[in-house]
Amino acid sequence: MKTLDNTLQFSFENIGYEYLLLKFDCENSDTLMAAISQTVQFMAEDDYLKANIKDFIPSYATILLHINFLNTSSFDIVHIIERKLNQLTFSTNKSGEETIKLLTIPVCYDEQVAPDLYSVARQLDLSITDVIQLHTSSIYTCFAIGFMPGFGYLGHTPDALHIPRHTTPRLSIPAGSVGLADNHTAIYPNESPGGWQIIGQTPVKLSPLTFDESNKQGNLQVGTQVKFKAITLERFLKDKQVVNK
Amino acid sequence: MKQPIFYIIKPGVHSLIQDLGRIGYQQYGVSTGGPADIHAYLWANKLLNNQSNSACLEVHFGMLELKVLASTQIAIAGAEFDVMINNKLAHNWRTHFINKGDMITFRGARRGKCGYISILGGFSSPQILGSQSVVIRDHLSPELHAISKNQYLYSHKAASTLSKQNQNLKQRVPQHYIPNYNAPLRLNFFPCYQWNMLSESQQNQFLNTQYDVTSDANRMGVRLAGKPITSLPNNLQSEGIALGSIQLTTDGQPIVLLNDRQTIGGYPKTGIIASIDCAKLYQAKTGHKVVFKLASPAIFQHKIQAFMRFFDLK
């Protein structure tokens, strides 16, 4: 482990011969995420890294790198990333803030599109208004994307909203459904089976196919900050129509 | 210009268009896909002097029937399906001329599980995020689906022009390159990820167990069965999953994760197997015996580099 910024440490592990796992260690999850976001950013900006890293997966405290080992060696990649990391500062309220983007995602919490809202409120001993208020009052960080394309693990939810997922998953959850599970919240970008507690639905599309300049709203990345905004059923139906055109 | 080449009379159990895969989108949770048996896929293209990334039809379990709509050349490689062209056996691991009106049929797989048909210039099909590979569970686009009845398959270029260039091309894979899918499997294993969190006795058990391939095997992964490894670390943070990662499930059995795997996961992993061994494992049938053999990444890197240069992979 090498130390950066007193609190943040990192190390590399070889995963077979064509992958590297960059591991960060820090007690402060904001600093950790700032380090990951900035690493992803400098990897995209550095010509050598861009040409020699085929694919990468950031998730919570690690970034898995798939190396083009015909052209480079893991020693070179480690060396360059180490040097870059040593040049960065990770105190979140300085350089971090400029790079972190905040997505505001409209969510309709009407029971017509929120099949679990009532039972969630009852189980957590809250009113429906409390659940909506708690869910929309926090800023969440996207810690990882997985399970399906564009499915971001957003955390952490306020303690009062912690609830286990359904023991038996539903066979089908509509695209755009917003769920709760343990201390996370997430949006199902596509229709899918799933066990999360569905408390609303967004008209916004979060599929990776919409990752272009024209649809920045759908562009969820690891490190992105997310806030939810309550919208009416009427607004939801209107926006959903536009998206589906 | 694309040209219809095949009309699908019987789609088979699970037939998918695959190229080398969707590279660069795993950070968004998009699986790479790509050929389940990269070795057979690459030979299918190399036999026709196609580019290594040319899309092939990956046939699982066989039971496919195609009508030929234009004369061209194909190559077949991979599992032994006893492919017939107009009721005449078309040998595996070879190129074949096909003519308009021919019927091509695949029976059930006799050896191995999946095989490939390549055509001159490769199949033309919708390209999404830089790849034609079909990953069913990702639902990236309604255009990316398994081959269905009454569907047409297209080639990239007009078949007639290509056929002229390759008129004398009749090729077969040299015998010593043709794998025996029934041979016992010793998978080259690189300990990493949570390996050091396992006790010495758990590590020894993993290395000394002869596992059976189970029927729970598909393009996402192959589940193995042996004496379960108990008392595993839990509450791990999810991390990126490399091709060939060996994940231990809560019941202590290993799953080797393949092309259509999820991009992240939080189960403990003992390490990974060599990427080219994933192909052999995928072809292994239920009950096939598997052991893990410690391998040196440095030595293996040279082997894979030679493999990649041979097939012109970048």
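Here the structure is a predicted model, which is why all the values come from computation and not from measurement. Residue numbers start from 1 in every chain, and the chains themselves are labelled A, B, ... in the order their sequence lines are given, proteins ahead of strands.
Scanning all heavy atoms of the two residues, the minimum distance from B:F206 to B:T270 falls at CZ-OG1, 3.3 Å. The two residues A:P106 and A:T202 come nearest to each other via the heavy atoms O-OG1, 2.7 Å.
Atom CG of B:L20 is separated from atom OG of B:S131 by 8.5 Å, given to the nearest 0.5 angstrom.
Listed by sequence position, A:K54, A:D55, A:F56, A:I57, A:P58, A:S59, A:Y60, A:A61, A:T62, A:L64, A:N68, A:F69, A:L70 are the residues of residues 54-80 of chain A in contact with chain B, using a 4.5 angstrom heavy-atom cutoff. The interface of residues 152-180 of chain A with chain B, defined by heavy-atom distances below 4.5 Å, comprises A:Y153.
Of the listed residues (B:K314, B:Q305, B:R309), the one with the most heavy-atom contacts under 4.5 Å to chain A is B:Q305. Ranking B:I273, B:I264, B:I23 against chain A, the residue ahead of the rest is B:I264, based on heavy-atom pairs under 4.5 Å.
Between B:H60 and B:Y282, a ring centre-to-centre spacing shorter than 6.0 Å is recorded. The six-membered or imidazole ring of B:Y177 lies near that of B:F310, with a centre-to-centre distance under 6.0 Å. Checked against the 6.0 Å centroid threshold, A:W196 and A:F151 count as a close aromatic pair.
Between B:M197 and B:P268 there is no side-chain heavy-atom pair separated by less than 4.5 Å. In this structure the side chain of A:Q201 never reaches within 4.5 angstrom of the side chain of A:Y188, judged on heavy atoms. In this structure, B:T263 and B:Y28 have side chains that are not in contact, with every pair of non-hydrogen atoms separated by 4.5 Å or more. No side-chain heavy atom of B:K269 sits under 4.5 Å from any side-chain heavy atom of B:W195.
Of the two parts of B:A274, the backbone and the side chain both hold a non-hydrogen atom closer than 4.5 Å to a non-hydrogen atom of chain A. With a threshold of 4.5 angstrom between heavy atoms, B:T32 approaches chain A through side-chain atoms but not through N, CA, C or O. Heavy atoms closer than 4.5 Å to chain A are found in both the backbone and the side chain of B:Q27.
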Quiz item: Given B:S245 and B:R261, is the side chain to side chain donor-acceptor pair (under 3.5 Å) satisfied, shown in steps?
Solution: CA-CA 10 Å; B:S245 294; B:R261 68 195 180 281; 5.8 Å; no

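In this structure, A:F228 and A:Y140 have tilted ring planes: the angle between them lies in the 30° to 60° band.
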